[in-house]
Amino acid sequence: MTAADVIQAWDQADPAAIHPLRRVSEEAYWESGRAQADMLASVIPGNAKVMDFGCGDGRVAIPMAEWGYEVTAVDASQRMLDRLTERTPDVTTVQADADGIAAHLGRRRMDAVYSLAVLIHHSYSDCLHIISRLRAATKLGGILILDWPVSDQPAEADSWIGVTTWSAQQQADACAAIGLEPVDSGLPWGVYRAVKVGG
């Protein structure tokens, strides 16, 4: 599937289909976002300017704003952003795919960028493209938190809700090419520092 296909599928999905905890309860769904925001806050400095790329309806962006972060919530789906705004109108939202980030930011760069449950649904080439755009949006020395799983049996997702996994070597090569330095964090996602390529 192309990135455009994945975006269209997510845009048209029933909200109950986008996260398994929604089948448990709305409270469980939103509580999971608060728990993930708590984890992110353990590696992102207080009061940082952060971007939630692929923010959906704000499950994590909203509690990050409540933590005091200056959150820019980015999603290619206006429907998702409308749901976020209905719940919390004070969070800045931007409708954009990875290529649209630069137009919004101009010369500004974020202290931190996180993207959870987004990259896993894209092909290898689309994922690398997205990560390179997220890295470009992050200031040198800033933090990126990416749901970018490694597996002994890496494979590309075969549907919009499938999961793409990477070999450790694929991921190391991508980090070197894009300018990401892995950071030990204890989080369930990859944490990286934005560095100069080859630096």
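Because only heavy atoms are used, hydrogens play no part in the values below, and waters and symmetry mates are left out as well, while side chains stay in. What you see is a predicted model; the values in this text were computed from it and never measured.
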Exercise for the section: Working to the nearest 0.5 Å, report the span between CG of L146 and CD1 of I131. Expected result: 5.5 Å
Completion exercise
dist D97:CG -> I130:CD1 (nearest 0.5 Å) comes out at 8.0 Å
Problem - Short side-chain to backbone donor-acceptor contact, R135 and G179, under 3.5 Å - result: yes
Problem - Electrostatic pair R133-D99, nearest N-O below 4.0 angstrom - result: yes
Problem - No-hydrogen, no-angle side-chain donor-acceptor test under 3.5 Å, R59 and S32 - result: yes
Handout entry: Gap separating the OH atom of Y192 from the CD atom of E181, nearest 0.5 angstrom
Key = 12.0 Å
Practice task
Would you give the length of the straight line joining atom CG of D147 to atom CH2 of W189, rounded to the nearest 0.5 angstrom?
Solution key: 8.0 Å
Completion exercise
The reported gap from OH in Y114 to CG in L144 (rounded to nearest 0.5 angstrom) is 12.5 Å
Problem - Approximate separation, where rounding is to 0.5 Å, of Q36 CD and L187 CG - result: 10.0 Å
Exercise for the section: Could you tell me whether R34 sits above the aromatic face of W67, with NZ or CZ closer than 6.0 angstrom to the six-membered ring centre and within 45 degrees of the axis? Expected result: no
Exercise for the section: Examine the side chains of N47 and Y69 and answer whether a donor and an acceptor come within less than 3.5 Å of each other. Expected result: no
Problem - Expected output: side-chain Q171 to main-chain W166 donor-acceptor under 3.5 Å - result: no
